[in-house]
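Let me begin by handing over the structure; questions about it come next.
Here the structure is a predicted model, which means the values were calculated and not measured. In what follows, chains carry the letters A, B, and so on, assigned in the order in which the sequence lines appear, proteins first and then strands, with residues in each chain numbered from 1.
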Amino acid sequence: MSGGGCSIVWFRRDLRVGDNPALAAGVRAGAVIAVYIWAPEEEGHYYPGRVSRWWLKHSLAHLDSSLRSLGTSLITKRSPDSVSSLLEVIKSTGATQIFFNHLYDPLSLVRDHRAKEVLTAQGIAVRSFNADLLYEPWEVNDAHGHPFTTFAAFWERCLSMPYDPESPLLPPKRIISGDVSRCPSDTLVFEDELEKASNALLARAWSPGWSNADKALTTFINGPLIEYSKNRRKADSATTSFLSPHLHFGEVSVRKVFHLACIKQVLWANEGNKAGEESVNLFLKSIGLREYSRYMSFNHPHSHERPLLGHLKFFPWVINEGYFKTWRQGRTGYPLVDAGMRELWATGWLHDRIRVVVSSFFVKVLQLPWRWGMKYFWDTLLDADLESDALGWQYISGTLPDGRELDRIDNPQFEGYTFDPNGEYVRRWLPELSRLPTEWIHHPWNAPESVLQAAGIELGSNYPLPIVGIDAAKARLQEALSEMWQQEAASRAAVENGTDEGLGDSSESTPIAFPQDIQMEESHEPTRNNPPPVPRQYEDQMVPSMTSSLLRVEEEETSLHLRNSAEDSRGEVPTNVNVNQQAGGDTLNHGVLQTVHSNTRPYYDTAIGIRSSAEDSTAESSSVSRRERDGGVVPVWSPSSTSFSEQFVGDENGICNQFILLAEAPSVSPIDELEAVIPNWTLAARIGGSQKLQ
DNA sequence: AAGATGTTCTA
DNA sequence: AGAACATCT
């Protein structure tokens, strides 16, 4: 295995030196070549947003300097294709093995599988590890060996597993560098000049990099954690952990977080500090949600673009780009929502509670397609994370068995008084309402004219009237829901009559395209299980891989393929965090971040590689099975290993396919299939076919 | 003591 | 919105 050659450690979203199993393995094996490959085209629609790239840039610089102090450096490569870059690095360094840590988003599952196939074929030893989760998704199953479908059950199981999560590894003391003299780094460009200006303020609030992540963790554990249960639902309290971006980029390991929190919990439990103990439970639960997001993504890889509950695909979403824009700009007329949206745009950050408020408003009041909202979060959040965001939006949209009720509308006015009782949060982000008394701050439309006047507010002029009334929204939601159920019943009837072919397809398999608007803005706006049989010994061989197989024609994804690159810009948002602002004037002042309105963000929709619809007759799917690989038992990744579930209202087809696939899976060359799929965005759709059971 | 009213929670 | 729980009278 080790031979004479050195090892490549392929960094991805594990930008840390401590508790990094891939790095540790590389160091153990001898000389190391640390590599990071920037290949955003592989991400398709999920090209990272501006602030996310800012973070990445700094995190990589931080990692590089740490590696240098340990004796090596980070080789960076700019590439349209990670796997070919790896091959290049192998060629120029004579590396004979490669180590990396697992990722669980659908794009990575495909890419990593392919990497493994290709590299192995080249005689390279490939080993991968769990560095991102307490337990691998395939380790956590119910009494029947099936994956859980609700969070509570999942998390309960995680907390009562027969073995503990791995203990965090110490960072290496020294790294012997492989010979990189013939392997120059590419300079990676993560932001253009305009973006640089827009990002200028971020460094005041955030410090990317693993050692800063460690500091943030320690600060939180020793500080706000104990009060977490009390404080966690105030919109602007600085009592959250602020770990999410660090966790997203793997700057701190979740095991370490878990470890430290558990130690505190034991301590507080011994002291009889009930509140402290409960705080840890709540904090760990949010870590659990992150775990669950990976779990869901692994088990249902199309969960970032399809509702997990089948009937939701019949929901008549309101396709109204004007609404969408109004929401993004924070001009809905609901102060709590607007404050949140403006904070998001200005800072790339939102308190968890406010994320729920704005997304719930988006889905239930505006009834816009949730994927639009999710995409906007992706573009703007500093901690944008595909798996977490997909879980969040699905939860909000009522598309999970344990999500919020579909027909429940959260009223931002009432939420305002619970999350922001004194209106401070609203006043900070909506300067035009800064003089409005608390009594009216969350429902200015009810305020007496005299009060509004005194506050310098003219509704409909310098602050909008509610874009949609809550009552109207409720009525419209009821209609939409009954329409949805009708459609669903009709579709089911059609299936029973055997006339289903094609009928349901248009509605169910063609996700609503993103609006042009999110990419392009008009110009007048300033733009801008039972225990696993062999629990431990194969830990570092658990390579999630994907097997695809022939299924049937089910997908015709036309609309999604043709996406133009375009300019992404935002509605104007006040970014002047300092409160005082002229109350007059709809024109919001231009704060620092706003000096740049328009960030051009290319969309790499590699429409090349999309197959014709004839070829589309092969829709990927895969199955769960265990098979030998590299001497280790490897679960083969499966999207629909779900025999549970009346909850995931399935059509029987979905379930049947599952078993058919199990039989058929090995007959098709995964790579051939996968290559056509790599342009990602369509991946999930293809994998799932039109099964409802997702 | 039982009923009304209020509070908190929901992945 | 509605259940579960807590507090008041």
Side-chain angles (χ1 to χ4, degrees), chain A residues 104 133-134 137 140 142 147-159 227-235 237 240-241 244 247 254 274-275 278-279 281-300 303-304 307-309 312 350-365 367 370 373-374 377 383 385-421 469-478 480-481 644-645 647-648 694:
Chain A
Y104 309 89
L133 297 174
L134 299 175
V140 187
D142 66 17
F148 291 100
T149 59
T150 57
F151 171 70
F154 164 81
W155 188 232
E156 192 185 346
R157 176 68 185 157
C158 285
L159 293 175
E227 306 258 82
Y228 194 77
S229 63
K230 306 269 182 253
N231 294 330
R232 89 209 130 96
R233 56 204 157 74
K234 294 296 170 241
S237 64
T240 60
S241 70
S244 56
L247 283 168
V254 76
K274 188 70 183 71
E278 184 56 19
S279 283
N281 281 335
L282 287 163
F283 174 65
L284 289 181
K285 189 172 133 189
S286 65
I287 294 296
L289 284 163
R290 179 187 172 282
E291 297 272 308
Y292 191 56
S293 73
R294 271 72 181 151
Y295 186 81
M296 292 302 271
S297 178
F298 181 80
N299 288 309
H300 310 283
S303 65
H304 63 299
L308 286 164
L309 290 178
L312 253 294
L350 267 191
H351 190 289
D352 178 62
R353 294 284 152 164
I354 305 302
R355 297 183 194 207
V356 172
V357 170
V358 301
S359 55
S360 171
F361 185 85
F362 185 94
V363 171
K364 302 291 180 63
V365 177
Q367 291 161 35
W370 60 269
M374 192 184 104
F377 270 27
D383 58 6
D385 181 284
L386 197 52
E387 298 96 307
S388 292
D389 291 345
L391 180 68
W393 281 88
Q394 294 238 14
Y395 163 66
I396 291 299
S397 308
T399 66
L400 296 171
D402 51 352
R404 297 200 155 187
E405 296 83 354
L406 270 169
D407 56 352
R408 164 180 162 184
I409 285 190
D410 299 295
N411 190 326
Q413 175 183 341
F414 305 142
E415 289 176 306
Y417 287 105
T418 49
F419 302 141
D420 181 31
I470 294 298
D471 290 340
K474 278 181 185 159
R476 192 173 64 179
L477 185 58
Q478 288 310 323
L481 289 174
F644 49 72
S645 138
Q647 287 159 321
F648 288 138
Q694 338 197 335

Grab the CG-C1' distance between A:Asp410 and C:dG2 for me, whole Å please.
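Spelled out: CG on A:Asp410 to C1' on C:dG2 is 12 Å.
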**Message:** Are there over 12 heavy-atom neighbours, none belonging to A:Gln478, within less than 6.0 Å of that residue's CD?
**Reply:**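 Buried by this count: over 12 neighbours within 6.0 Å.
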Checklist line | Polar side-chain atom of A:Tyr295 near backbone of A:Phe148 as donor-acceptor pair, under 3.5 Å | finding: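 Such a contact is found between A:Tyr295 side chain and A:Phe148 backbone.
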Item to complete: Please work out if A:Asp352 contacts a base, only the sugar-phosphate, or nothing of the nucleic acid, heavy-atom cut-off 4.0 Å.
Response: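 Base contact - A:Asp352 has a heavy atom under 4.0 Å of at least one base atom.
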What is the distance from CZ of A:Arg404 to C1' of C:dA1, rounded to the nearest Å?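 Value for this atom pair: 10 Å.
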*Separation of A:Phe154 atom CZ from B:dA11 atom C1', in whole Å?*
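From A:Phe154 CZ to B:dA11 C1': 12 Å.
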request  = Rounded to the nearest 0.5 Å, what's the gap from CG on A:Leu134 to CZ on A:Arg294? Could you check?
outcome  =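 Result: 11.5 Å between the selected atoms.
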Check your understanding: Separation of A:Arg294 atom CZ from B:dA11 atom C1', in whole Å?
Key ->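 To the nearest whole Å, that distance equals 15 Å.
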Atom-pair distance (CZ on A:Arg408; C1' on B:dA11), nearest Å: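 Atom CZ in A:Arg408 sits about 11 Å away from atom C1' in B:dA11.
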Open item on the list: Using whole Å, what does the distance between atom P of nucleotide B:dT10 and atom CG of A:Asn411 come to?
Closed with: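 About 20 Å, once rounded to whole Å.
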Checklist line | Pair A:Arg290 + A:Asp383, salt bridge at N-O below 4.0 Å | finding: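 Here A:Arg290 does not pair with A:Asp383 in a salt bridge, since their nearest N and O are not under 4.0 Å apart.
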**Face-to-face contact A:Tyr395 to B:dA11 six-ring, under 5.5 Å, under 30°** =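 Yes, aromatic ring over the base.
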Legend entry - For atom CD of A:Glu415 and atom C1' of B:dC9, their distance in whole Å: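 Taking atom C1' of B:dC9 as the reference, CD of A:Glu415 is at 13 Å.
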B:dT8 P sits how many Å from A:Tyr417 OH, rounded?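 That distance rounds to 17 Å.
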Check: Are any of A:Lys364's side-chain N or O atoms less than 4.0 Å away from OP1 or OP2 of C:dA1?
Finding: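 Answer no for this pair, as no side-chain N or O of A:Lys364 is under 4.0 Å from OP1 or OP2.
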* Asked: Among B:dA11, C:dA1, B:dT10, which nucleotide sits nearest the side chain of A:Lys474?
  ->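 Selected nucleotide (nearest to the side chain): C:dA1.
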